[in-house]
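Starting from 1, each residue takes its place in the sequence as its number.
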Amino acid sequence: MKTTMKLMATTCLTLSATLAAADGHMADEMTIVSWGGAYSSSQENAYHIPYAEMTGVTIINDASSAEAVAKLRAMSEAGNITWDVVDVVASDAIRLCDEGLALEIDFDTQLAVGDDGSTATEDFGDLLVSDCFIPQIVYSTTVGYRTDLVGDTPPTDICAIFDTETYPGMRSLEKRPINNMEWALLCDGVAKADVYDVLETDEGQTQAFAKLDTIKDSVIWWSAGADTPQLLADGEIIMGSTYNGRLFSLIEEQGQPVAMLWDAQVFDLDGWIIPTGLSPEREARALDYVYFATDTQRLADQAKYISYGPARASSAPLVGQHATLGIDMAPHMPTDPANATNTFLYNYTWWADYRDDLDAKFQVWLSQ
């Protein structure tokens with residue numbers, strides 16, 4: 001296996017024009033930015049540790065992905081890019097690519113072929129939503145609730161978030177408009193198929209904020225994916241939104257009295273971008289890392305530690321049991337048929353266009 005890994009790195013070195021410009025020399029330290037908590041732990045086990053053991057590179061972890069766009073804009077303006085590889089959602093990757101802040105990737109020469117012989121373009125398929133975005137996982141944002149605090153009628157649909165009469169107590173929601181605006185409209189009677197058309201209008205945005213007004217005093221706003229699991233574990237909230245893998249960790253690994261609500265779970269993509277403006281040595285290291293970290297086996301390995309589906313089709317057959325719990329991971333994936341009976345398809349291209357405007361309006365609304 002170690003020989004194979006070295007060959008992959010050598011192949012990447014040969015194929016990359018950037019690496020050739022750097023005379024093959026790569027930086028011996030890199031900063032990788034992600035979301036922290038159980039998600040970063042899964043990347044540490046699946047990617048960082050084996051890559052560091054293979055190459056000797058020192059990896060510095062930074063859990064600032066929630067602020068990736070703003071911070072990369074600031075770094076670019078200052079001419080001081082301190083990050084080497086950044087984990088972002090698809091809509092953020094599209095924005096960063098459009099603004100020239102993320103490196104364009106030649107997928108079929110700078111990423112590994114699939115274990116089944118497919119090219120990277122064939123293997124990732126429709127998940128290649130931007131020239132700069134290297135997909136890792138399919139995940140969902142959903143809701144967890146304390147089973148010991150919801151009484152005899154546990155929630156069954158997403159609108160329980162807005163039902164403070166049946167489920168009194170604090171809840172947590174992400175401190176940004178994404179998902180909250182969609183759920184607000186769904187629970188205010190807008191049909192699923194019409195949500196983004198409605199949200200595109202001033203009237204639709206007013207409607208969504210009005211619905212959120214009804215629970216504003218009962219919400220703790222979170223910025224990091226680990227926040228809601230901690231608030232649930234501490235009993236400070238009765239329910240809250242977060243990523244399905246965080247809830248898997250809370251329920252299955254920590255044994256907390258928490259259950260997951262799959263209704264209206266919002267599917268999204270997460271993956272890597274490499275900032276533009278790195279030195280040739282740092283860019284070479286970043287490309288070598290993503291070549292390794294997004295091959296068939298590595299993406300399948302991440303599913304041993306967290307319940308996110310690998311982005312490569314060739315990785316799916318390799319997903320098996322949890323690394324330490326020994327349980328079958330397939331029933332815990334958001335794409336499992338039993339969990340995916342009523343999903344909401346997040347429109348990352350829509351949010352790439354409207355994010356800055358709605359972010360500003362959301363912050364004004366929060367301050368009122």
Trainee: Would you tell me whether T141 and S241 have side-chain atoms, one donor and one acceptor, within less than 3.5 Å of each other?
Mentor: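 T141 vs S241: no donor-acceptor pair found between side chains.
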Trainee: Check whether any side-chain heavy atom of Y346 lies under 4.5 Å from a side-chain heavy atom of N179, and answer yes or no.
Mentor: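 Of all side-chain heavy-atom pairs linking N179 with Y346, at least one is under 4.5 Å.
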Trainee: How about Y51 and R298: do any of their side-chain heavy atoms sit closer than 4.5 Å?
Mentor: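 Not touching, per the 4.5 Å side-chain cut-off.
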Trainee: Is the backbone N or O of G100 less than 3.5 Å from a side-chain atom of T276, with the two atoms forming a donor-acceptor pair by type?
Mentor: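 Flag set: sc T276 to bb G100 pair under 3.5 Å.
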Trainee: Does some side-chain heavy atom of L173 sit less than 4.5 Å from a side-chain heavy atom of I215?
Mentor: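 Answer yes - side chains close enough.
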Trainee: Quick one: does E67's side chain have a donor or acceptor within less than 3.5 Å of a partner on S64's backbone?
Mentor: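 It does not hold such a pair.
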Trainee: Taking the side chain as every heavy atom from C-beta outward, state whether Q43 and Q302 have any pair of such atoms under 4.5 Å apart.
Mentor: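 Yes. Closest side-chain heavy atoms under 4.5 Å.
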Trainee: Would you say the side chains of D359 and Q363 form a donor-acceptor pair under 3.5 Å?
Mentor: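 Looking only at side-chain atoms, Q363 and D359 do not form any donor-acceptor pair under 3.5 Å.
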Trainee: Tell me whether Y308 contacts the main-chain N or O of G245 through its side chain, where contact means a donor paired with an acceptor under 3.5 Å.
Mentor: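 Looks like yes, one N/O pair under 3.5 Å.
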Trainee: Would you say the side-chain atoms of T164 and S218 include a donor-acceptor pair closer than 3.5 Å?
Mentor: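 No, S218 and T164 have no side-chain donor paired with an acceptor closer than 3.5 Å.
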Trainee: Verify whether one side chain among N339 and Q265 offers a donor that lies under 3.5 Å from an acceptor in the other.
Mentor: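 No, no side-chain donor-acceptor pair sits under 3.5 Å.
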Trainee: Is there a donor-acceptor pair under 3.5 Å between the side chain of R146 and the backbone N or O of L232?
Mentor: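 Such a contact is found between R146 side chain and L232 backbone.
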Trainee: Quick one: do the D227 and W221 side chains pair a donor with an acceptor below 3.5 Å?
Mentor: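 No.
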Trainee: Under a 3.5 Å distance rule, please check whether D157 uses its side chain to pair with a backbone N or O of D263 as donor and acceptor.
Mentor: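 No, D157 side chain to D263 backbone: no donor-acceptor pair under 3.5 Å.
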Trainee: Test P229 against every option in I251, L250, V258 by the side-chain contact (heavy atoms from CB on, under 4.5 Å) rule and name the one that passes.
Mentor: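 Checked I251, L250, V258 against P229; only one passes side-chain contact (heavy atoms from CB on, under 4.5 Å): L250.
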Trainee: Ignoring hydrogens and angles, state whether a donor on the side chain of N80 or T82 is under 3.5 Å from an acceptor on the partner side chain.
Mentor: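 No.
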Trainee: Does K175, at its NZ atom, have more than 12 non-hydrogen atoms belonging to other residues, nucleotides or ligands within less than 6.0 Å?
Mentor: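 Incorrect, the count does not exceed 12.
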Trainee: Considering non-hydrogen atoms only, spot the tightest contact between A68 and V86 and give its length.
Mentor: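 Smallest heavy-atom distance, with atoms named: CB-CG1, 4.0 Å.
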Trainee: So Y289 and H48, do their side chains get closer than 4.5 Å, heavy atoms only?
Mentor: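 Contact flag for H48/Y289 side chains = yes.
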Trainee: Would a line drawn from the ring center of W222 to the ring center of W35 be shorter than 6.0 Å?
Mentor: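 No, too far apart.
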Trainee: F209 and W183: same hydrophobic cluster, using ILVMFWY side-chain contacts below 4.5 Å?
Mentor: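 Cluster IDs for F209 and W183 match.
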Trainee: Do the side chains of I158 and V143 get nearer than 4.5 Å, heavy atoms only?
Mentor: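 Heavy-atom side-chain distance check passes, below 4.5 Å.
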Trainee: Could you verify whether a donor N or O on one side chain and an acceptor N or O on the other, from T121 and D108, lie under 3.5 Å apart?
Mentor: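 Side chains of T121 and D108: pair found under 3.5 Å.
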Trainee: Any ion pair linking R95 and D92 (charged N to carboxylate O, less than 4.0 Å)?
Mentor: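 Looking at D92 and R95, the cut-off is met.
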Trainee: Under the 3.5 angstrom rule, does the side chain of S91 hit a backbone N or O of Y348 as a donor-acceptor pair?
Mentor: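 No; judged by distance alone, with no hydrogens or angles, the pair does not exist.
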Trainee: Are side-chain heavy atoms of V266 and E182 found at a separation under 4.5 Å?
Mentor: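 Counting from C-beta outward, V266 and E182 never come under 4.5 Å.
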Trainee: Quick one: does D84's side chain get under 4.5 Å of I60's, heavy atoms only?
Mentor: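 They are not in contact (no side-chain heavy atoms under 4.5 Å apart), so the answer is no.
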Trainee: Suppose we call two aromatic rings close when their centres sit under 6.0 Å apart. Are Y196 and F344 close by that rule?
Mentor: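 Yes, the ring of Y196 comes within the 6.0 Å limit of the ring of F344, centre to centre.
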Trainee: Counting only N and O atoms by type, is there a donor-acceptor contact under 3.5 Å from the side chain of T296 to the main-chain atoms of D115?
Mentor: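 A pair under 3.5 Å: yes.
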Trainee: Can the ring centroids of W365 and F362 be said to lie less than 6.0 angstrom from one another?
Mentor: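 W365 vs F362: aromatic centres under 6.0 Å.
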Trainee: Please determine if D356 and R73 form a salt bridge, counting it only when a charged side-chain N lies under 4.0 Å from a carboxylate O.
Mentor: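 Judged by the 4.0 Å cut-off on N to carboxylate O distance, D356 and R73 do form a salt bridge.
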Trainee: For D188 and Q207, test the side chains for any donor-to-acceptor distance below 3.5 angstrom and give the result as yes or no.
Mentor: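 A pair is found: one side chain offers a donor N or O, the other an acceptor, under 3.5 Å apart.
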Trainee: Return yes if some donor-acceptor pair links the side-chain N/O of T55 with the main-chain N/O of V57 below 3.5 Å, else return no.
Mentor: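 Checking the backbone N and O of V57 against the side chain of T55, a donor-acceptor pair under 3.5 Å is found.
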Trainee: Any donor and acceptor pair, going by atom type alone, linking the side chain of D116 with main-chain N or O of S314 inside 3.5 Å?
Mentor: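 No; zero donor-acceptor contacts below 3.5 Å.
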Trainee: Are the side chain of S41 and the backbone N or O of G37 linked by a donor-acceptor pair below 3.5 Å?
Mentor: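 Side chain of S41 to backbone of G37, a donor-acceptor pair under 3.5 Å: yes, one is there.
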Trainee: Are M333 and L325 grouped together when hydrophobic residues (ILVMFWY) are joined by side-chain heavy atoms under 4.5 angstrom apart?
Mentor: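 Same cluster.
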